Colleague: 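Below are the structure tokens for one structure; questions will follow.
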Amino acid sequence: MMKLARLHAWPRTATAGVQLQHRLAMRVVLQPVTGRTRLMAGADAAFCDNGASALGGVVVWDRLTQTVVEQSTARVACRFPYIPGLLTFRELPALLAAFRKLRMTPEVVFADAHGLAHPRRMGLACMLGLWLNVPTVGCAKSLLCGEHGTLGRRRGSAVPLVHKGEQVGAVLRTQSGVKPVYVSPGHLCDCESACRLTLAATSKYRVPDPIRQAHQLVTRTKALLVERPRHTIS
DNA sequence: GCGACAG
DNA sequence: ATCTTGTCGC
């Protein structure tokens, strides 16, 4: 089982969450990710019961064989509403519960959310990295904060994402002619590594394979929890 | 006060 | 995120 750090009590209110983000922001380490990574994990969550519970899912993707080598899911009751900028407090508990069941330790983890590209430089990808103590990359499908110029239309094109005068990530085109994704460092990673890793993890779709696999995992699992087809009753 | 706002 | 039908295109 993967070891998770125990940093403090989980906040129960928005103000407590914001204060915690400010405190933890100082602990995020931005550094290059060296070596050729092979085991890349993807994390995602789906919601059940009209948002009353969250289903977290993690897959470990072998980049060389292009296969899922391990996966795990966990269903947890939601204790926090969705508030832009505070996504962590709604989703992270479910993700951590899934990681806790994981046997392998991935070399890098991709989160379907922002990392540094956050108003307080503490997006879900950063939090996840602090708990796992593993390099993490934030790869979001839409913008939360920051500005950027126009980028080329070919795969690999990228422009800096800037917020309040500092680069917090990049807008990266993962497929030619397809809408770009917003990449930012989580923990133990830097902007350049985040982009390089994201491109390496993306084969033929807009989002990196690990995230896509994790998304399908939680979607499938949720369907199994809800549906009760007559022909499968045991 | 007004608009923006990851999943 | 979730709800939700058909439709256009490789």
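Each chain gets a letter, A, B and so on, in the order the sequences are listed, and its residues count up from 1. What you see is a predicted model; the values in this text were computed from it and never measured.
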Colleague: Is a side-chain N or O of A:Lys222 found less than 3.5 angstrom from the main chain of A:Phe47, in a donor-acceptor match?
Modeller: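 Pair found, side chain donor or acceptor close to backbone of A:Phe47.
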Colleague: Just checking, A:Arg90 and A:Phe80: is the charged tip under 6.0 Å from the six-membered ring centre and within 45° of the axis?
Modeller: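 Judged by the rule, A:Arg90 and A:Phe80 form no cation-pi pair.
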Colleague: Describe the nucleic acid contact of A:Gly85 in one word from base, sugar-phosphate, nothing, applying a heavy-atom distance below 4.0 Å.
Modeller: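 Base contact - A:Gly85 has a heavy atom under 4.0 Å of at least one base atom.
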Colleague: Do A:Arg12 and A:Phe89 meet the cation-pi criteria used here (NZ or CZ under 6.0 Å from the six-membered ring centre, within 45° of the axis)?
Modeller: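 No - A:Arg12 does not lie over the ring of A:Phe89 by the 6.0 Å and 45° rule.
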Colleague: Reading DNA chain B in the 5' to 3' direction, which nucleotide is the first one with an atom under 4.0 Å from a heavy atom of chain A, and which is the last?
Modeller: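 Range of nucleotides within reach of chain A: B:dC5 to B:dG7.
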Colleague: Taking A:Arg121 as the fixed residue, which of A:His114, A:Gln21, A:Glu166 is the one that meets the side-chain hydrogen bond (donor to acceptor under 3.5 Å, both in side chains) rule?
Modeller: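 Testing each of A:His114, A:Gln21, A:Glu166 against A:Arg121, the sole residue satisfying side-chain hydrogen bond (donor to acceptor under 3.5 Å, both in side chains) is A:Glu166.
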Colleague: Under 4.0 angstrom, heavy atoms only, what part of the nucleic acid is A:Leu124 near: base, sugar-phosphate, or nothing?
Modeller: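 Base contact.
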Colleague: Could you tell me the separation between the OG1 atom of A:Thr37 and the CG atom of A:Leu197, rounded to the nearest 0.5 Å?
Modeller: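 So the gap between those two atoms works out to 5.0 Å.
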Colleague: Is the number of heavy atoms from other residues, nucleotides or ligands under 6.0 Å of A:Gln31 CD greater than 12?
Modeller: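 More than 12 heavy atoms, drawn from other residues, nucleotides or ligands, come within 6.0 Å of this atom.
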Colleague: Can any side-chain N or O of A:Thr174 pair as donor or acceptor with the backbone N or O of A:Arg206 at less than 3.5 Å?
Modeller: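 Yes: the side chain of A:Thr174 pairs with the backbone of A:Arg206.
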Colleague: Which string of ( ) [ ] | and . matches DNA chain C, if you list each base 5' to 3' and count Watson-Crick or G-U pairs only when both distances are under 3.5 Å?
Modeller: ..........
Colleague: Report which part of the nucleic acid A:Leu55 touches: base, sugar-phosphate, or nothing (heavy-atom distance under 4.0 Å, all strands).
Modeller: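 No contact at all - A:Leu55 keeps every heavy atom at 4.0 Å or more from the nucleic acid.
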Colleague: With side chain to side chain donor-acceptor pair (under 3.5 Å) as the test, would you mind laying out the steps for A:Asp62 and A:Thr67 before giving the verdict?
Modeller: CA-CA 5 Å; A:Asp62 184 330; A:Thr67 57; 5.2 Å; no
Colleague: Enumerate all atom pairs, one protein N or O and one N or O from nucleotides 1-6 of chain C, separated by less than 3.5 Å.
Modeller:
| unit_1 | atom_1 | unit_2 | atom_2 | d |
| --- | --- | --- | --- | --- |
| C:dT2 | OP1 | A:Lys222 | NZ | 3.4 |

Colleague: For A:Ala140, which contact category applies under a 4.0 Å heavy-atom criterion: base, sugar-phosphate, or nothing?
Modeller: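 If one applies the 4.0 Å heavy-atom cut-off, A:Ala140 turns out to touch the sugar-phosphate alone, with no base involved.
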Colleague: Just how far is it from atom OH of A:Tyr205 to atom NE2 of A:His215, taken to the nearest 0.5 Å?
Modeller: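 It is 13.5 Å, given to the nearest 0.5 Å.
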Colleague: To the closest 0.5 Å, what do you measure between CH2 (A:Trp131) and OG1 (A:Thr136)?
Modeller: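 A:Trp131 CH2 to A:Thr136 OG1: 12.0 Å, rounded to 0.5 Å.
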